[in-house]
2 protein chains.
Amino acid sequence: MAVTLADVAARAGVSSATVSRVLNGNYPVAGNTRERVKRAVEELDYVVNGQARALAAATSDLVGVLVNDVADPFFGLIASALQAEIGAGGAGPVGGKLAVVCNTGGSPEAELTYLTLLERQRAAGVVLTGGAVEDDTHTAAVAARLARLATSGTHVVLCGRPPLTLPDDSGQVTTVAFDNRGGARRLTEHLLSLGHRRIGCVTGPVERSTTRHRLEGHRAALEAHGMGPGTGEGDNALRLTVHGGYDRASGYDATLELLRRDPGVTAIVAANDTVALGVCAALRDQGRSIPGDVSVAGFDDLPFSVDAAPALTTVRIPLQEAGARAGRLVMGRQAPPPGGLSTIPTELMVRASTAPPSNRP
Amino acid sequence: MAVTLADVAARAGVSSATVSRVLNGNYPVAGNTRERVKRAVEELDYVVNGQARALAAATSDLVGVLVNDVADPFFGLIASALQAEIGAGGAGPVGGKLAVVCNTGGSPEAELTYLTLLERQRAAGVVLTGGAVEDDTHTAAVAARLARLATSGTHVVLCGRPPLTLPDDSGQVTTVAFDNRGGARRLTEHLLSLGHRRIGCVTGPVERSTTRHRLEGHRAALEAHGMGPGTGEGDNALRLTVHGGYDRASGYDATLELLRRDPGVTAIVAANDTVALGVCAALRDQGRSIPGDVSVAGFDDLPFSVDAAPALTTVRIPLQEAGARAGRLVMGRQAPPPGGLSTIPTELMVRASTAPPSNRP
DNA sequence: CTGTTAGCGCGTTCAG
DNA sequence: CTGAACGCGCTAACAG
């Protein structure tokens, strides 16, 4: 059926071993012979069988990328930069690898399932992106899987996930973390410095690490301004925290709930930019102007944020840089930082959706 | 190193063939033996070697997905739905497959390179998404590659691309097309019916099929309203066409150019929603209100469009449905339509960014 | 129902 | 510098 190495060898009048050597260019071959082989390859339109090669050489051309959902620009940006870095374009000495993108939908089971599938394929590397579900059982299960992968030579990189300590010292997993905590803190400080005191918080799913970190930053800022738990304003802030998903609809619903709990909120920080769009929509539908009546802030600085109505104040995470770095790390093109952990800084982007609170009764 | 079939066989006191049969469940095995094997698999934490299996069985667990850029929501949505359909979740009888996402950046060379890489991997299927570059040489090259893939049993699906006729009748490639032409026509008709006559057109790269189809729809609408080439208004419309990329910056720049050519434009149709955001930004920066001074329309109806300022009138393409359908087709879970071509209808979404032109001098 | 025997297509010794 | 031989880990055909 398909033309094989042997076919090429026969055509060129050499042994298949020689053809292999020419193709991989790792061995000395007479220029004369080499040309003959190359011609035979051309004439026969020969394409190597990657699976056979992988089996024989115990290598793989695949790198797995686990994301919640590639359709979400947050993950899309990471995946895109990652793929570009490891792909044919970056054709480094190693030769590009193919990115296997897996949507886990944030489900721990799906995560494990895909890790197994990637282990089956003997993937050269695996990158887990986005916040982790903070459940001890699941964390242990993932750690075990990753330890096995790392031990068997698969490069494991965490991108936007909290670092993970593996059981035995199996090939270290390196981590590219985001400074969610710091970003959230600076964001809330920005609102506080504008004069806001009744700040609603539409945050993400309660069990995810990203949610926890951003919430911690938020509360650290409040506390630093004398609004910690126990103080009147602090307790009110706690009451103004609503958990939801990372989607627009959650932002919309949570905002209605928030307005019910305290019609007098003057600012809302959202779990991310997508949620913030839902928050804005809900506020508009309730007849509140932004930022006149209520200030709104997002997180991530996704591309559309600057074009929202009004332009969204948010915290920028350099996602493509993160994805590219994760790509270099998983390819072994960049040495892992000492300790295996590098944290990517975040930056407050002040735009039009936040302003001082109005002085209405 | 890694535990193999033979290891499991030894542990269970059976032959490796039996283990294989238990694992694949395609052959009768005594319940007794089956249990023993399963236990051995558990105890040894055995994970099949996908490459060896693929080699022996001449199958593959990989499906390639070519996109311009997964970070672009247009492609992200398609890729996401596609992956969900073919992945472990949809665990149909065939067993889920892994999606290999390849960013071509719209480059013909990259497209061919990735097709070769996927051929190397003996991918079970390949899906090409997005408009094609309309260059005869390249089209022929792609057709040849696809013909080879199809002949060797790889399912080939085109999603959002014009259908392709392959040289010999190699396993037909099925196409999921979008009604870009009809959508664009209805969109321009909408503007005309509002009373617009000086309509600018910020369209995509000149050589892409999507650009051509949308432009054809646009011009068909003009012509139907007596504004074809040769008429004064028609020729003016031709002058008001600016080509650019599919990104926001192109929309911004093209708008400035458009305003230079005719400061009196009352409406602008953009190549897509992303470009439309750039158009809106440029208009705002030039002190033009939307839709008061100038109406703006996008294309695709990406998720952010409804939250733009103002909400974007656009043409909806059900991208996730398209991606899912492409997934089913490439998996052979759905019979290809007669003729191998199914066209997905598009829908005009009238929102706040379009309105009748104002009656200024 | 189960074990034995061949390959799948290629990389890699080891001789020559 | 080149060829012959072996094995990667698994499936499939053929006996039993």
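Here is how names work: the chains are called A, B, and so on, in the same order as the sequence lines, proteins then strands, and each is numbered from 1.
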- Message: Under the side chain to side chain donor-acceptor pair (under 3.5 Å) definition, can you give me all pairs with a residue in residues 45-54 of chain A, not counting sequence neighbours?
- Response: A:Asn24-A:Arg53
- Look at the side chain of B:Thr104 and the backbone N and O of B:Val67, then say whether any donor-acceptor pair between them is shorter than 3.5 Å.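 Looks like yes, one N/O pair under 3.5 Å.
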- Task: Please confirm whether the backbone N or O of B:Asn103 pairs with a side-chain atom of A:Gln83, one donor and one acceptor, at under 3.5 Å?
- Result: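 Here the side-chain-to-backbone pair exists.
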Taking [atom1] from [X] and [atom2] from [N], how many angstroms apart are they, rounded to a whole number?
X	N	atom1	atom2	value
B:Asn26	D:dC10	CG	P	16 Å
A:Asn24	C:dC10	CG	P	11 Å
A:Gln121	D:dC10	CD	P	13 Å

- Taking only residues two or more places apart in sequence or in another chain, which ones pass side chain to side chain donor-acceptor pair (under 3.5 Å) with A:Thr113?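 A:Thr113 satisfies side chain to side chain donor-acceptor pair (under 3.5 Å) with no other residue.
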[X] vs [Y] side-chain heavy atoms within contact, under 4.5 Å:
X	Y	result
A:Ile78	A:Val65	no
A:Phe75	B:Val70	no
B:Leu98	B:Val100	no

Under 4.0 Å: is that the gap between some side-chain N or O of [X] and OP1 or OP2 of [N]?
X	N	value
A:Thr4	C:dC10	yes
A:Ser20	C:dC10	no
B:Thr18	C:dG3	yes

- Any salt bridge (charged side-chain N to carboxylate O under 4.0 Å, His left out) pairs touching residues 116-125 of chain B, not counting sequence neighbours? B:Glu119-B:Arg148
- Item | Of all pairs that satisfy salt bridge (charged side-chain N to carboxylate O under 4.0 Å, His left out), the ones with a partner from residues 13-26 of chain B, not counting sequence neighbours | none
Short heteroatom pairs, N/O only, protein and nucleotides 13-16 of chain D, under 3.5 Å:
{"from": "D:dA13", "atom 1": "N6", "to": "B:Arg21", "atom 2": "NH1", "distance (Å)": "3.3"}

Hey, can you pull the donor-acceptor pairs under 3.5 Å for the side chains in residues 28-35 of chain A, sequence neighbours left out?
none

- Query: Is there a residue in residues 45-62 of chain A whose heavy atoms reach under 4.0 Å of DNA chain C, and which residues are they?
  - Reply: A:Tyr46, A:Val48, A:Asn49, A:Ala52, A:Arg53, A:Ala56, A:Ala57
- Residues touching DNA chain C, which here means a heavy atom under 4.0 Å, drawn from residues 30-37 of chain A: none
- Item | Residues forming a salt bridge (charged side-chain N to carboxylate O under 4.0 Å, His left out) with A:Arg325, sequence neighbours excluded |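 A:Arg325 satisfies salt bridge (charged side-chain N to carboxylate O under 4.0 Å, His left out) with A:Glu321 once adjacent residues are dropped.
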- Message: Angle between the end axes of the helix from C:dC1-D:dG16 to C:dG16-D:dC1, five pairs per end, to the nearest 10 degrees?
- Response: 40°
Quick one: side chains of residues 129-146 of chain A, donor-acceptor pairs under 3.5 Å with protein atoms, not counting sequence neighbours, listed by atom name and distance.
{"from": "A:Thr129", "atom 1": "OG1", "to": "A:Leu66", "atom 2": "O", "distance (Å)": "2.7"}
{"from": "A:Glu134", "atom 1": "OE1", "to": "A:Arg212", "atom 2": "NE", "distance (Å)": "2.7"}
{"from": "A:Glu134", "atom 1": "OE2", "to": "A:Arg212", "atom 2": "NE", "distance (Å)": "3.2"}
{"from": "A:Glu134", "atom 1": "OE2", "to": "A:Arg212", "atom 2": "NH2", "distance (Å)": "2.7"}
{"from": "A:Asp135", "atom 1": "OD2", "to": "A:Thr137", "atom 2": "N", "distance (Å)": "3.2"}
{"from": "A:Asp135", "atom 1": "OD2", "to": "A:His138", "atom 2": "N", "distance (Å)": "2.9"}
{"from": "A:His138", "atom 1": "NE2", "to": "A:Glu111", "atom 2": "OE1", "distance (Å)": "3.3"}
{"from": "A:Thr139", "atom 1": "OG1", "to": "A:Asp135", "atom 2": "O", "distance (Å)": "2.8"}
{"from": "A:Arg145", "atom 1": "NE", "to": "A:Thr116", "atom 2": "OG1", "distance (Å)": "3.0"}
{"from": "A:Arg145", "atom 1": "NH2", "to": "A:Thr116", "atom 2": "OG1", "distance (Å)": "2.9"}

Give every donor-acceptor pair under 3.5 Å between a side-chain atom in residues 6-13 of chain A and any protein atom, sequence neighbours left out.
{"from": "A:Asp7", "atom 1": "OD2", "to": "A:Thr4", "atom 2": "N", "distance (Å)": "2.8"}
{"from": "A:Arg11", "atom 1": "NH1", "to": "A:Glu43", "atom 2": "OE1", "distance (Å)": "3.4"}
{"from": "A:Arg11", "atom 1": "NH2", "to": "A:Glu43", "atom 2": "OE1", "distance (Å)": "3.1"}

